[in-house]
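Encoded as structure tokens, the structure appears first; notes follow it.
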Amino acid sequence: MDLQLKGKKAIVTGGTARIGFAIARVLTEEGAEVTIPGRNTKKLSEAVSSLPGGARGIEADLATAEGASRLIAEVPETDILVNNLGIYEPKNFADITDEEWLHLFEVNVLSGIRLSRHYFPKMLAKDSGRVIFISSESAIMTPGEMVHYGMTKTAQLAISRGMAEQTKGMKVTVNTVLPGPTRSEGIVGFLQNLASTPNATPEQAEKEFFEKYRSSSLLQRLIEDREVANLVAYVASPLSAATNGAALRVEGGLLRSIA
């Protein structure tokens with residue numbers, strides 16, 4: 001299927017690894033001109049050079065207002081904005097400090113707000129564009145071991161829907177994609193830390209995680225990052241014109257609610 005993305009300009013935040021990199025890869029494969037902002041020069045260079053057809057890397061820390069301003073100065077307009085940047089950590093609720101609450105909010109939420117505040121009005125002005133927030137199933141089913149992370153993911157749902165309300169009758173859409181636990185180098189260590197058995201293998205840790213912490217999952221395995229990226233690419237395309245203001249699940253059937 002041709003997603004009609006050839007020549008479209010896209011920005012993918014958090015695009016040097018994991019889901020973000022997979023999204024950048026699929027978009028470039030579909031012919032989009034992708035820009036990846038990042039704060040780590042080495043990782044940024046490696047990511048950009050390994051994408052088919054290449055991409056543009058811009059050194060900018062989007063967890064800060066200065067980083068957002070730098071990206072905007074380099075790329076004043078875009079057709080597609082994928083707000084994917086995010087961090088997570090398991091921590092007992094009572095031990096989460098004010099500073100940690102604020103840090104997760106700034107990285108996971110404010111980074112997307114700052115960019116959307118600039119690019120979204122430009123999309124409305126030209127009556128064309130896509131804004132996509134990469135949230136998580138944690139937005140709906142907040143994990144007890146990561147309450148602060150769940151809070152930021154729920155915030156993205158509210159922001160996305162509120163922005164979508166401003167697009168009535170237009171060719172601009174704003175949606176949120178909710179991945180479930182997705183395979184990455186980072187999550188393997190995370191699952192091993194949760195495992196009850198010391199020195200559990202990745203396979204053992206994954207099995208126990210779904211049995212103990214995500215028993216409602218229908219998939220009963222980690223999602224592959226490209227499985228998420230394929231959905232994001234469709235939502236970024238002109239073919240998804242009737243999908244707007246939605247929270248789109250790619251979480252392996254983990255959430256039991258229908259709505």
Side-chain angles (χ1 to χ4, degrees), residues 9-28 32 34-51 55-72 74-75 78 80-89 103-119 130-139 146 148-150 152-153 155-157 159-160 174-190 223-233 235-236 248 250:
K9 292 180 171 56
I11 295 172
V12 181
T13 71
T16 60
R18 301 189 292 274
I19 290 175
F21 181 72
I23 293 169
R25 176 176 287 279
V26 175
L27 291 178
T28 56
V34 176
T35 295
I36 300 176
R39 63 178 184 174
N40 185 305
T41 305
K42 185 174 182 292
K43 287 181 66 176
L44 188 60
S45 177
E46 290 174 349
V48 167
S49 63
S50 63
L51 288 172
R56 182 182 181 187
I58 295 177
E59 193 171 342
D61 182 1
L62 296 184
T64 67
E66 294 77 16
S69 296
R70 181 171 184 178
L71 173 61
I72 290 167
E74 292 282 342
V75 186
T78 191
I80 302 160
L81 172 63
V82 181
N83 289 313
N84 169 72
L85 180 65
I87 57 175
Y88 65 91
E89 64 170 352
H103 181 57
L104 257 74
F105 186 82
E106 183 156 43
V107 175
N108 295 3
V109 183
L110 267 181
S111 62
I113 289 174
R114 288 173 179 137
L115 297 185
S116 299
R117 193 164 52 202
H118 173 80
Y119 293 111
R130 298 283 185 268
V131 179
I132 304 167
F133 288 84
I134 307 302
S135 181
S136 164
E137 98 284 350
S138 296
M146 292 194 296
H148 51 341
Y149 173 73
T152 65
K153 299 289 106 178
Q156 288 179 314
L157 287 180
I159 295 161
S160 175
V174 185
N175 291 289
T176 306
V177 171
L178 284 68
T182 304
R183 192 178 309 283
S184 69
E185 191 174 313
I187 202 170
V188 170
F190 169 70
I223 296 162
E224 302 300 332
D225 52 18
R226 192 176 179 100
E227 292 171 332
V228 178
N230 288 336
L231 175 59
V232 174
V235 176
L248 303 166
V250 56

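Residue indices begin at 1 and follow the sequence shown. Because the structure is a prediction, the values reported are computed rather than measured.
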Is there a donor-acceptor pair closer than 3.5 Å between any side-chain N or O of D225 and the backbone N or O of G20? no

Sequence neighbours excluded, the answer for side chain to side chain contact (heavy atoms under 4.5 Å, CB included) partners of A155 is V109

Once side chain to side chain contact (heavy atoms under 4.5 Å, CB included) is applied, do any residues pair with H118, and if so which ones, sequence neighbours excluded? I72, K122

Taking the side chain as everything from C-beta on, heavy atoms only, tell me whether L51 gets closer than 4.5 Å to I36. yes

Begin with the C-alpha distance, continue with both residues' side-chain angles, and end with the deciding distance and a verdict on side-chain contact (heavy atoms from CB on, under 4.5 Å) for V232 and V235. CA-CA 5 Å; V232 174; V235 176; 5.7 Å; no

Under the side-chain hydrogen bond (donor to acceptor under 3.5 Å, both in side chains) rule, collect the residues that match up with R114, sequence neighbours excluded. E106

Just to verify, what does S160 make a side chain to side chain contact (heavy atoms under 4.5 Å, CB included) with, not counting sequence neighbours? F133, V174, T176

Who passes side-chain hydrogen bond (donor to acceptor under 3.5 Å, both in side chains) against S116, sequence neighbours left out? N83

Non-neighbouring partners of R183 that pass salt bridge (Lys or Arg N to Asp or Glu O under 4.0 Å), sequence neighbours left out: E206, E224

E89: which residues meet the salt bridge (Lys or Arg N to Asp or Glu O under 4.0 Å) condition with it, sequence neighbours left out? none

Donor-acceptor check, side chain of R25 to backbone of S50, threshold 3.5 angstrom: yes or no? yes

Is there a side-chain contact between K9 and T35 (heavy atoms, below 4.5 Å)? no

Enumerate the residue pairs fulfilling side chain to side chain donor-acceptor pair (under 3.5 Å) with a member in residues 36-46, sequence neighbours excluded, ordered by first and then second residue. T41-E59, K42-E46

The criterion is side-chain hydrogen bond (donor to acceptor under 3.5 Å, both in side chains); which residues satisfy it with S111, sequence neighbours excluded? none

Only distances under 3.5 Å count here; give the side-chain donor-acceptor pairs of residues 10-17 to other protein atoms, sequence neighbours excluded, each with its distance to 0.1 Å.
from : atom 1 : to  : atom 2 : distance (Å)
T13  : OG1    : V82 : O      : 3.4
T13  : OG1    : N84 : N      : 2.8
T13  : OG1    : L85 : N      : 2.9

Of all residues at least two apart in sequence or in a different chain, which pass the side-chain hydrogen bond (donor to acceptor under 3.5 Å, both in side chains) check with R56? E74

Got L157 and L178 here, is their nearest side-chain heavy-atom distance under 4.5 Å? yes

May I ask you to test the I223-P179 pair for a side-chain heavy-atom distance under 4.5 Å? no

Check: I134 main-chain N/O paired with K153 side-chain donor or acceptor under 3.5 Å: yes

